[in-house]
Amino acid sequence: MSSRRTPVLALSLAGLAVVAALAWYVNREQSGGLKADRPGLAATVTATGAAAPVRVEAQTVRALALADDVAAVGSLVSNESVVLRPEVSGRIAAIRFRDGQAVERGEVLVELDAAVQRAELQQARANLTLAESNFGRTQDLFARKFVSQSSLDTARAQLEVARAGVALAQARLERMQIRAPFDAVVGIRSVSPGDFVKDGDALINLEDIATLKVDFRLPEQYLDRVRRGQVVEVSSDVLPGERFNAVVDAVDPLVDAQGRAVRLRANLDNPDGRLRPGVFARVRVILAERSGVLVVPEAALVPAPGNVQYVYQVVDDTVRRVDVRTGVRRNAVVEITEGLSAGAVVVTAGQLKLRDGAQVTLADAPSGVALAAD
């Protein structure tokens with residue numbers, strides 16, 4: 001039995017060896033074909049075995065003048081605003097303005113029917129004429145001792161009452177004319193001649209827009225950094241790209257306990273009337289001006305775990321990871337407070353392909369960071 005099993009075992013081992021050799025050969029051919037089909041897999045390795053330089057973009061760290069500021073939102077308010085209302089009831093006799101017209105202080109805008117008031121004034125003047133005549137005669141008679149002192153006092157009192165009656169009638173007549181209390185622009189009226197209005201009814205609004213007020217709020221931590229007379233910058237969506245200077249006129253002494261904010265009001269010259277009350281405004285308050293601030297593009301920063309940020313600095317065609325601390329951000333650039341110096345070249349595009357110490361080639365010459373001083 002043993003002699004028969006030996007040839008069978010030998011044949012089995014030989015078969016396994018042939019299968020293993022065949023598998024090894026097939027695997028080698030497939031690997032060789034894959035490499036032949038994808039020659040680019042080794043493209044990143046040079047003939048000496050070193051990694052090929054990575055093509056990146058870079059910019060130079062610049063030192064610029066930068067302003068510490070805070071942004072807020074607010075509203076434009078008329079310098080003076082009023083809704084004209086009649087003090088007495090009456091029928092509108094005439095309207096002396098056009099909608100949207102500029103008017104001057106004291107100009108008559110609306111007249112109510114004043115026929116009764118004019119008659120009362122005429123009556124009061126007649127009574128005054130009679131009282132003046134009586135007083136003159138009484139005074140003459142008293143000088144000649146024909147009347148007593150009491151008669152003279154009565155005539156003088158009647159004269160004063162007549163004068164007061166004229167003044168009262170004149171005041172009532174003037175109340176039938178509604179005048180502009182200040183230089184302003186008239187709004188759009190909702191009444192017409194012939195309408196009967198009651199005392200207190202709204203007739204028309206007047207807005208002084210030659211100067212506008214800018215009302216806005218700032219967090220309470222800026223309270224000690226704002227003051228009356230400080231210049232702020234105002235912009236609005238109605239005039240995109242334009243900026244206007246305003247001057248802080250008042251700081252509210254009361255801090256809002258709910259929002260922990262302080263209310264401020266600034267005055268803005270508006271001689272051409274391009275801005276209007278009620279418009280949404282963006283306010284930039286400049287707290288301080290700083291020079292020599294180092295800035296880099298935001299694209300140069302790479303975030304890392306632990307609230308850490310770093311950049312790749314280019315030194316002799318290689319990159320070095322540098323942890324940095326940042327300050328204010330504005331216009332796609334960020335202030336560097338620690339980690340870099342002016343003139344350093346940092347990578348702004350291609351960081352995902354880099355590691356510390358990698359070789360790089362610049363896509364173009366490093367350029368400076370473009371940022372306005374404001």
Side-chain angles (χ1 to χ4, degrees), residues 77-211 213 273 276-278:
V77 183
S78 300
N79 183 47
E80 300 292 348
S81 177
V82 68
V83 177
L84 296 183
R85 306 174 187 270
E87 298 181 49
V88 296
S89 300
R91 192 172 304 278
I92 296 178
I95 294 178
R96 304 295 186 187
F97 65 89
R98 297 189 309 274
D99 294 350
Q101 174 186 348
V103 296
E104 296 181 355
R105 178 180 180 180
E107 186 175 339
V108 177
L109 302 180
V110 179
E111 290 185 5
L112 301 179
D113 185 3
V116 174
Q117 286 75 16
R118 279 192 291 269
E120 290 176 348
L121 178 60
Q122 186 176 359
Q123 182 182 17
R125 286 173 175 169
N127 291 335
L128 176 60
T129 300
L130 178 60
E132 289 175 342
S133 297
N134 289 336
F135 178 72
R137 286 193 296 269
T138 302
Q139 195 174 31
D140 181 60
L141 292 174
F142 177 78
R144 290 187 289 173
K145 307 296 184 179
F146 288 127
V147 295
S148 64
Q149 181 67 41
S150 175
S151 297
L152 179 62
D153 293 341
T154 300
R156 182 182 288 109
Q158 290 175 346
L159 177 60
E160 294 299 325
V161 169
R163 287 174 177 170
V166 171
L168 179 60
Q170 183 68 41
R172 287 176 175 172
L173 178 61
E174 290 178 355
R175 291 170 68 182
M176 306 307 286
Q177 292 182 333
I178 301 175
R179 300 175 181 269
F182 47 79
D183 295 346
V185 176
V186 182
I188 299 177
R189 61 184 171 91
S190 57
V191 294
S192 299
D195 282 344
F196 183 84
V197 294
K198 296 181 179 180
D199 55 308
D201 286 350
L203 299 182
I204 192 68
N205 64 298
L206 265 70
E207 310 290 338
D208 178 8
I209 62 174
T211 301
K213 299 173 182 176
R276 294 301 175 94

For [X], does the [atom1] atom have more than 12 heavy-atom neighbours from other residues, nucleotides or ligands under 6.0 Å away?
X: Arg105; atom1: CZ; answer: no
X: Gln149; atom1: CD; answer: yes
X: Gln122; atom1: CD; answer: no
X: Arg175; atom1: CZ; answer: yes

Please name the pair of heavy atoms, one in [X] and one in [Y], separated by the smallest distance, quoted to 0.1 Å.
X: Leu206; Y: Leu84; result: CD1-CD1, 3.6 Å
X: Ala124; Y: Ala169; result: CB-CB, 4.1 Å
X: Ala180; Y: Glu104; result: CB-O, 3.4 Å
X: Ala184; Y: Asp208; result: CB-N, 4.0 Å

Charged N-O contact under 4.0 Å between Glu107 and Arg96: no
Got a salt bridge between Asp153 and Arg156, using NZ or NE/NH1/NH2 to carboxylate O under 4.0 Å? yes
Could you check whether any side-chain heavy atom of [X] comes within less than 4.5 Å of a side-chain heavy atom of [Y], counting everything from C-beta outward?
X: Gln158; Y: Val161; answer: no
X: Val166; Y: Leu121; answer: yes
X: Pro86; Y: Ile178; answer: yes
X: Val191; Y: Asp201; answer: no
X: Ser81; Y: Asn205; answer: no
X: Ile204; Y: Phe97; answer: yes

Approximate separation, where rounding is to 0.5 Å, of [X] [atom1] and [Y] [atom2]:
X: Ser89; Y: Lys198; atom1: OG; atom2: NZ; answer: 7.0 Å
X: Glu80; Y: Thr211; atom1: CD; atom2: OG1; answer: 10.0 Å
X: Arg118; Y: Met176; atom1: CZ; atom2: CE; answer: 9.0 Å
X: Leu128; Y: Glu160; atom1: CG; atom2: CD; answer: 9.5 Å
X: Thr154; Y: Leu152; atom1: OG1; atom2: CG; answer: 8.5 Å
X: Asp99; Y: Ile188; atom1: CG; atom2: CD1; answer: 6.0 Å

Apply side chain to side chain contact (heavy atoms under 4.5 Å, CB included) to Glu132 and Leu159, showing your working. CA-CA 6 Å; Glu132 289 175 342; Leu159 177 60; 3.2 Å; yes
Under the side chain to side chain contact (heavy atoms under 4.5 Å, CB included) rule, what do Ile95 and Leu109 come out as? Steps first, then yes or no, please. CA-CA 6 Å; Ile95 294 178; Leu109 302 180; over 6 Å; no
From CA spacing to verdict: side chain to side chain contact (heavy atoms under 4.5 Å, CB included), Leu112, Arg91: CA-CA 5 Å; Leu112 301 179; Arg91 192 172 304 278; over 6 Å; no
